[in-house]
Amino acid sequence: MATKEPSRSLLWPAVLVGIGMAGSLDEIVLHQLLRWHHFYDRGSQAAGLIADGIFHLGSTAALGIGLVLLVQRWRPGPGPLRQAVAGILVGAGGFNLYDGIIQHKLLGLHQVRAGAPNNLPYDLVFIAIAAVVLLAGLLLLRVAGSPTAAPGRTVRNRGSG
C-alpha cells in the first residue's frame with residue numbers, strides 16, 4: 001500500500017497546474033492585455049509574437065496535463081484540497097521566481113515592462129510577489145503534510161457520521 005501512495009499524490013499534478021496558471025496569466029495579462037513585453041524581446045516584433053505563441057502553448061499544455069492528472073488522482077477523503085492548493089501555489093510562485101530571476105535578470109530574454117526607464121521597481125514587485133506565493137505554498141504544504149497524515153474535512157464527508 002505504501003508503494004501506491006506516490007502515484008496518488010496530488011502534489012506534482014498541482015505544481016503543473018500552478019506553472020500552467022502562472023504562465024497563462026503572464027501571457028494573457030503582461031503580454032496581450034498590457035503589452036508590456038513578449039517572451040523574447042531581443043528580436044523583431046514577429047519573433048516576439050512567435051515566442052509568445054510557443055510559450056502560451058507550453059503553459060496551456062502544462063495546465064491541461066496537470067488538471068487531467070489532478071482529476072485522475074483525486075480521491076475523496078482527508079486533505080486533498082489543501083495539498084492541491086499548496087502544490088498550485090508552489091508551482092505558480094516557483095515558476096514566477098524562476099522567470100523573474102533567470103529569464104528577466106540573468107538571461108535578459110525580456111523585462112517585466114520593456115522600455116521602462118527603470119525596471120528595478122517592476123522586478124522587485126514581480127520577484128517579491130513570486131516569493132510570497134511560493135512561501136505560502138511551502139507553508140501550506142508543511143501544514144498539509146502527507147495525504148494520509150493530515151486528516152481534513154471534505155464536503156462529501158460532512159453529512160455522514
Side-chain angles (χ1 to χ4, degrees), residues 1-34 36-37 39 52 54-107 109-113 119-161:
M1 188 153 175
T3 58
K4 291 184 181 182
E5 245 352 275
S7 67
R8 291 177 46 177
S9 172
L10 300 177
L11 180 61
W12 292 113
V15 167
L16 265 180
V17 169
I19 291 169
M21 285 176 57
S24 293
L25 284 172
D26 181 281
E27 171 66 28
I28 292 165
V29 175
L30 298 178
H31 297 223
Q32 295 173 359
L33 295 176
L34 296 175
W36 279 6
H37 67 260
F39 180 75
D52 283 352
I54 294 168
F55 171 65
H56 198 69
L57 282 172
S59 63
T60 302
L63 181 59
I65 291 167
L67 284 171
V68 167
L69 290 173
L70 204 55
V71 168
Q72 285 177 346
R73 293 181 182 188
W74 193 272
R75 300 288 184 259
L81 181 60
R82 193 175 282 178
Q83 187 183 33
V85 170
I88 290 168
L89 292 173
V90 167
F95 173 81
N96 280 334
L97 200 58
Y98 160 80
D99 186 30
I101 293 171
I102 305 298
Q103 293 183 0
H104 295 181
K105 303 315 316 153
L106 294 179
L107 298 177
L109 294 176
H110 60 270
Q111 296 298 318
V112 175
R113 188 164 188 185
N119 277 299
L120 185 60
Y122 295 100
D123 290 333
L124 291 176
V125 169
F126 190 89
I127 290 170
I129 291 170
V132 166
V133 171
L134 176 61
L135 287 174
L138 291 172
L139 287 172
L140 185 58
L141 189 60
R142 183 174 178 181
V143 169
S146 71
T148 57
R153 293 178 294 173
T154 63
V155 175
R156 291 181 196 186
N157 292 339
R158 282 189 184 169
S160 61

* Look up atom CZ in Arg75 and atom CG in Leu10, then write down how far apart they are to the nearest 0.5 Å. => 9.0 Å
* So how far is it from Asp26 CG to Phe55 CZ, rounded to the nearest 0.5 Å? -> 5.0 Å
* Structure fact -> Rounded to the nearest 0.5 angstrom, the CD1-CG distance for Ile88 and Leu140 is 10.5 Å
* Walk me through it: do Phe39 and Gln103 pass the test side-chain contact (heavy atoms from CB on, under 4.5 Å)? => CA-CA 9 Å; Phe39 180 75; Gln103 293 183 0; 3.5 Å; yes
* Nearest atoms (heavy-atom pairs only) where Ser59 meets Ser24 -> OG-OG, 3.5 Å
* Asked: Do His110 and Asp99 have side-chain heavy atoms sitting under 4.5 Å apart?
  -> yes
* To do: State which residues pass side-chain contact (heavy atoms from CB on, under 4.5 Å) with Ile54; sequence neighbours excluded, sorted by chain then number.
  => Ile50
* Structure fact -> Heavy-atom closest pair (Leu16 atom, Gly66 atom, distance to 0.1 Å) is CB-CA, 3.8 Å
* Where is the tightest heavy-atom contact between Gly91 and Ile19, given as atom of each residue plus distance? -> O-CG1, 3.6 Å
Atom pairs and distances, side-chain donor-acceptor, residues 119-137, under 3.5 Å, sequence neighbours left out:
unit_1 : atom_1 : unit_2 : atom_2 : d
Tyr122 : OH     : Arg113 : NH1    : 3.1
Asp123 : OD2    : Lys105 : NZ     : 2.7

* Asked: From Gln32 CD over to His56 NE2, what is the distance, rounded to the nearest 0.5 angstrom?
  -> 6.0 Å
* Asked: Looking at CD1 of Ile101 and CG of Leu107, how far apart are the two atoms once the value is rounded to the nearest 0.5 Å?
  -> 12.0 Å
* Could you give the distance from CD (Gln83) to CH2 (Trp74), rounded to the nearest 0.5 Å? -> 9.0 Å
* Which atoms form the tightest heavy-atom contact between His31 and Asp52, and what is the distance? -> ND1-OD1, 2.8 Å
